[in-house]
Amino acid sequence: MKILLVGSGGREHSLAWAISGSPLVDALYCAPGNGGMAEISTLVDIKDTDIDGLVTFARDEAIDFVVVGPEVPLTAGLVDALDAAGIASFGPNKAAAELEGSKGFMKDLCADYDIPTAGYQRCYDATSAKAFLKTLHAPFVIKTDGLAAGKGVIIAETLEDAETAIDEMFAGAFDEAGDQVVIEEFLEGEEASFFALTDGTNILPLVGAQDHKRVGDGDTGLNTGGMGAYSPAPIMDEAMTQKVMDTIIRPTVAAMKDRGAPFKGVLYAGLMISGGAPKLIEYNVRFGDPECQVLMVRLQSDLLPALMACHDGTLDTVELSWSDESAMTVVMATEGYPGAYQKGSEIRGLDAAGSDQNVTIFHAGTKKSGTKLTASGGRVLNVTALGATIGEARARAYEAIGKVDWPEGFNRSDIGWRALKR
Ligand code: AMP
Ligand code: GLY
C-alpha cells in the first residue's frame, strides 16, 4: 500500500515510525515531514494546511490511505475533501472535528448528554462575559471558542486579569478563534490524557499517558504544547479506565452519532481527576504530542490496520497489544520557546544519543540538509526511552539527552516527577 502521512511534528514522526514498520506498506510519504521523517519516508513539500495540494498529490500518486496527524487540517475539512475524491483516510471529518474546533460545541454536547465536565457559559460579547465572571470565584478559566495553537486558554488569578483576557480575545488577539469565548469553572485535581480509537460506533481504548504542559521544572512558567510525557499513567488504572469509558467516551461517541456527525479517528480526552472522579477538560481529535510518542514505542501490534479499521467501520475486529514496559519522552526545545526563538542552530550527537536500543529519538522541528541537522522550530527533539519502570525509562532518556550536542536547546529535568512520587 501507498500511505501519505500529513504533519511534521514529533507526533507525526512517531506515527511514521510505527507505520513504516508495517508489512502492509510499500511506500510512505510525509507532507511536509521533518528531518527525522526524511530518514524513513519520502518527504513531500506540501503544507499540512494545503488541502487542495494534499488531495491532488494523493490522487496523482494513487495513495491508498492518508493518515492526518494535526488538528488544523482536520477542522478545515481535509478528510471531507479526501472522501469527495474517493481517497480513504484516518481522522474525523469537519463536522466531527468540531469537538476540538469549537469549545462551545464540545461543552454543549457534554451538557446535553450528561458528560461530566466543568460548569461553563458561552459568551458572544465582552459585556455578558464580564457579567458571568462576577458569578464565579478565582481562578477564572477563559477560553477562545476556536483553535488557537494551544494558547487560547487563560487561567486568571484575579478578576482584573480575567477581564483583560476577555477584552483581548474580543479585540481579536486570537483572530476569529476569539469571536466567541467560553468561561469555565476551575477544576482541581490531577490531569491525565486518555486515548481511544473509534470508527463512529465501535471503540477501542488505547493506553493512558501524562503530559507536562508547563515549560519549567516543577510545572512552572508558561504553557507549551507539552514538554514530556510518560505511559502508563499510574492514575489511569483499570477502574479509572472503565469510569472514563462509561461516563465520557461511550456517551460522546453515541452523542456524535446521534447528532449525525459520527466521530471516526482518535478521541483524545484531556481529563481532570479528583477524588476518583474523572471530568472532561477538553477533547482533541488527534493524538497528543508528545503523548503519541510514548504510545507508539509501547505499541506492539501493527498500527496501520487499526487506523484503517476506524475508516472502514470494522474496529470491532481489531485488538492491540502493548508492552508492559514504561515509556518516557523528554522534549528538547530551542532556548526561548514558547516565546520567540532562533532557527538554524546545528544539532550533533544524535547517533550516540540513540545508540541504546531502548532509546528512540523522534524529531519535531528539525531540518536535514546533507548530513547537517538543524533546529527549525520551538519543540525540536523527543528523546524517548523504554524501561521496566518509569524510573528506568527516565534514567535512559536523560542519559541519552546528555549525549545530544546542542547548546541552543533546553529540556525540563523533572519529567515524570508525579509518577515517581507515588
Ligand atoms: P486545554 O487547552 O483546554 O487543555 O487547556 C490547557 C490547560 O489549561 C489544561 O491542560 C489544564 O491544565 C488547564 N485547564 C483548562 N481548563 C481548565 C479548567 N476548567 N479547570 C482547571 N484547569 C483547566
Ligand atoms: N500534549 C498536548 C496536546 O497534544 O494537545
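First listed ligand is number 1; within each ligand, the first listed atom is number 1. Sequence positions, counted from 1, serve as the residue numbers for this chain.
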Just checking, any donor-acceptor pair under 3.5 angstrom between side chains of Tyr230 and Gln210? yes
May I have a table of the N/O to N/O pairs between ligand 2 and the protein that fall below 3.5 Å, each row giving the two atom names and the distance to 0.1 Å?
residue	atom	partner	partner atom	Å
ligand 2	1 (N)	Asp211	OD2	2.7
ligand 2	1 (N)	Gly225	O	3.1
ligand 2	1 (N)	Asp289	O	2.9
ligand 2	1 (N)	Glu291	OE1	2.8
ligand 2	4 (O)	Arg286	NH1	2.8
ligand 2	4 (O)	Asp289	N	2.9
ligand 2	5 (O)	Arg286	NH1	3.2
ligand 2	5 (O)	Arg286	NH2	3.1

With hydrogens left out, which residues have an atom under 4.0 Å from ligand 1, given that only heavy atoms count? Lys103, Ala118, Val141, Lys143, Val153, Ile155, Glu184, Glu185, Phe186, Leu187, Glu191, Lys213, Met272, Ile281, Glu282
Parallel, tilted or perpendicular: rings of Phe195 and Tyr268 (30°, 60°): tilted
Can Ser22 and Asp302 be said to form a side chain to side chain donor-acceptor pair (under 3.5 Å), step by step? CA-CA 6 Å; Ser22 170; Asp302 189 349; 2.8 Å; yes
So, are Lys368 and Glu39 salt-bridged, with charged N and O less than 4.0 Å apart? yes
Between Glu184 and Lys107, does any NZ, NE, NH1 or NH2 come within less than 4.0 Å of an OD or OE carboxylate oxygen? yes
Quick check: does any side chain N or O of Asn34 sit under 3.5 Å from a backbone N or O of Ala364, one acting as donor and the other as acceptor? yes
Using only atom types and a distance under 3.5 Å, with no angle test, would you say the side chain of Thr224 pairs donor to acceptor with the backbone of Lys213? yes
Side chain to side chain donor-acceptor pair (under 3.5 Å) between Asp217 and Trp417, intermediate numbers included: CA-CA 10 Å; Asp217 282 358; Trp417 68 269; over 6 Å; no
Test side chain to side chain donor-acceptor pair (under 3.5 Å) applied to Ser231 and Glu291, Gln293, Glu325, Arg298, the passing residue: Arg298
